[in-house]
Amino acid sequence: MPRVVWKILGAAGALVVLVAVGVAIAIATVDPARFVAPLAARVKAATGRDLKVGGPVEITYSLQPRVVLHGVSFANAPWAKTPAMLTANRVEAEIALLPLLSRRFEAVEFSLVDPVIALETDAQGRGNWEFASAAQSATGAAPGAPSSATSTIGIGNFEIRNGNLTYRNGASGQVTSASIERMSLRARDLASPIAVDFRGAVAGVPIAMSGDLGAANLWLSERAPYPVAMKGEVAGRAVRIDTKVTRDASSTTLGDLSLAYGNVKGTGSVRIAETAGKKRYVVDLHVPSLAVADLSAIGSGGAGPGSGKAATPPPAQPSRFVIPDTPLPPMPLIGTDSEGSIVVDDLVLRDGAHLRRVDAKFTSNASGADATFGIGEAFGGSLRGQLRVDGDAKAPRVRLSLAANDLDLPAIASRAGIAREIHGGRVRANVDIDGRGASPHAIASTMSGSILAVSGPASLGRGNGHGEDALAQLVGALDPLQGADAATQLHCAVFRLPLANGVARVDRSIAVETDKLSASASGTVNFRDETLDLSVHPQLHTGIKLDVSQLASLVRVRGPFEKPSVGIDAANAAKTIAEIGALGASGAGLAAIGRALIAPTAEREDVCAIALGQRTPTPEPARGQERSPRPRAQPAPSPALPGDLGKALGKLFGR
């Protein structure tokens, strides 16, 4: 190696030693107590706020001196609710020496230990982290452009240990709290990506996230796009977010957004626009597949594995209601000024059924949320609807309008608990209801409006009503001959409930017509206590006609939704039985009833048209008056009772 090289290296080494000695001497002669006043003055000039150090100041001597401040307090904005924006038990900083020559304070490492941080906005949306210089504070001018703090103070690696943070929304008054176990931001310099790591909890939800942000100079100069790539766990569920942030004078946009939370994944964009201090969120999301079970897990906010909390939810309180009486989940959109659209290609229900091409457009504000939605494929058909939920947090008013077309009857019957083999049948339905309450049951018990379902031709196999729910029992009562033949040919079925304050008063607006029998029902369906009391009006029409006045209300379905009973309406049947002298319970009496009921009558009614309100039923005689006797064919001395009718009557009478 040439001698000149050794000389250069030797000179450089000597220079380093001299600088180190000089720095050591300079720092050794500095009184730490005198360090605070210049630092506080510099912070005051840069931010317009007071910095106070209540404890001792420690300085460790090296080429990058380490300064430790105890009992630090940083003043809040004049309009803020709390006097201090930041208090910390200890502030630690390793300071770069050379930038000090240019009157720039640059911390290579900056740590807050045991801090309490209070972030908040005023009613116009201005944040207390928006600093004004001392001159701006003196004149009362708004911060406007970035203050000189960004040019006189630089921080490389930043860390918070064991901290607490609150964020108060000045417009709504809502306060969100966070606990910070550890948070760090590290970068080689302002032009390098920032590595982020966070461990803590927000609003009680455990969070562990890490990833990369764009370089600090990109954000400070508001150059776009600013990349964000984070992953980790929230409430014990895997989370990932990738996006590119762009900002302008009035909005911030998360573009090219790709996010995942547990099994839920989506893409799209979110824009936050600010006008006159008010923020509006515009959301556009596309979700390829979504399961209702996963969506419920998100809404529950329950802890998951690794959260430090028990993963098993508390046992549900017992309820006697079929319609859930559990509180509605929180609706985060209500109270937020927002709009947007969400598209789900495949929505999987709890029972495994699939709804495809689900799309919704929504708007929300302080008064509530509105949504229009459509389902391109649902149970073989399609649905369109509108939903409105008002902003009453205790008992929101819910209005739902729904139109369904060309649904598959076997699929609908299976979901309704009707255990029959069904072939064919298409269903259309219309729902228009308005209710109020904090749970589905409360809403149902107050709803007014109408529910209508109409089905076309189908083939119905034999059914078994044992242990089935209210709808299955009612369908069985409307088709009492279902056990007589291998299949029943359904012509039409109508289920129409006119609702007022949770009660449907049915006047033959439930009806079924088959190839052998027509039947309609009257009575009440009470959603308040979840009971029904319906009398069924059957009429045979396979060449033998029944007098509806004689058979009216012979069958009665009543009891709780969960397990109603099917039997004889004794009050209405007694008169019929008395007229034919068959008060006994013998087989002969039953045959006598059958012979009376199959006598020819007038032309049968179109029960489906009556149920739809398209025709008026034949009027019944006034109370106290008897119906004029109709000509009745004289039966043979001992006619044989048709087998199917005999079985049906036997079943109705408990035989």
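Throughout, residue positions are numbered sequentially from 1 according to the sequence presented. Both backbone and side-chain heavy atoms feed into the values below; hydrogens, waters and symmetry mates do not. All values reported here derive from a predicted model rather than from experimental measurement.
You'll find the side chain of Leu612 reaches within 4.5 Å of the side chain of Val454, heavy atoms only.
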Quiz: residues 373-388 side-chain donor-acceptor pairs under 3.5 angstrom, not counting sequence neighbours:
unit_1: Arg388; atom_1: NH1; unit_2: Asp370; atom_2: OD2; d: 2.5
unit_1: Arg388; atom_1: NH2; unit_2: Ser367; atom_2: O; d: 3.2

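Taking the side-chain hydrogen bond (donor to acceptor under 3.5 Å, both in side chains) definition, one finds that Thr372 meets it with nothing, sequence neighbours left out. Applying the side-chain contact (heavy atoms from CB on, under 4.5 Å) criterion to Ala371, with sequence neighbours excluded, gives Phe362. Under the side-chain contact (heavy atoms from CB on, under 4.5 Å) criterion, Ala118 pairs with Thr82, Thr166, sequence neighbours left out. Arg168 is linked by a side-chain contact (heavy atoms from CB on, under 4.5 Å) to Lys81, Glu120, Val175, counting only residues two or more places apart in sequence or in another chain. With sequence neighbours excluded, the residues satisfying salt bridge (Lys or Arg N to Asp or Glu O under 4.0 Å) with Asp346 are Arg356. Not counting sequence neighbours, Tyr167 has no partner by the ring pair (Phe, Tyr, Trp, His ring centres under 6.0 Å) test. For the ring pair (Phe, Tyr, Trp, His ring centres under 6.0 Å) test, residues two or more places apart in sequence or in another chain that qualify with Tyr226 are Trp219. By the side-chain hydrogen bond (donor to acceptor under 3.5 Å, both in side chains) test, Asn162 is found to be paired with Asp114, residues two or more places apart in sequence or in another chain being considered. Residues passing the salt bridge (Lys or Arg N to Asp or Glu O under 4.0 Å) test with Glu181: none are found, sequence neighbours excluded.
The six-membered or imidazole ring of Phe561 lies near that of Phe527, with a centre-to-centre distance under 6.0 Å.
Arg186 places no side-chain N or O within 3.5 Å of a backbone atom of Asn157 that could act as its donor or acceptor partner.
Looking only at atom types and distance, the side chain of Ser184 has no donor-acceptor partner in the side chain of Asp197 under 3.5 Å away. Neither side chain, Asn365 nor Asp337, offers a donor N or O lying under 3.5 Å from an acceptor on the other. Counting only N and O atoms by type, the side chains of Ser364 and Ser338 include a donor and acceptor under 3.5 Å apart.
The salt bridge (charged side-chain N to carboxylate O under 4.0 Å, His left out) analysis of residues 244-270, with sequence neighbours excluded, yields the pairs Glu222-Arg247. Sorted by first and then second residue, the pairs that involve residues 433-455 and meet salt bridge (charged side-chain N to carboxylate O under 4.0 Å, His left out), not counting sequence neighbours, are Asp390-Arg436, Asp392-Arg436, Arg397-Asp434.
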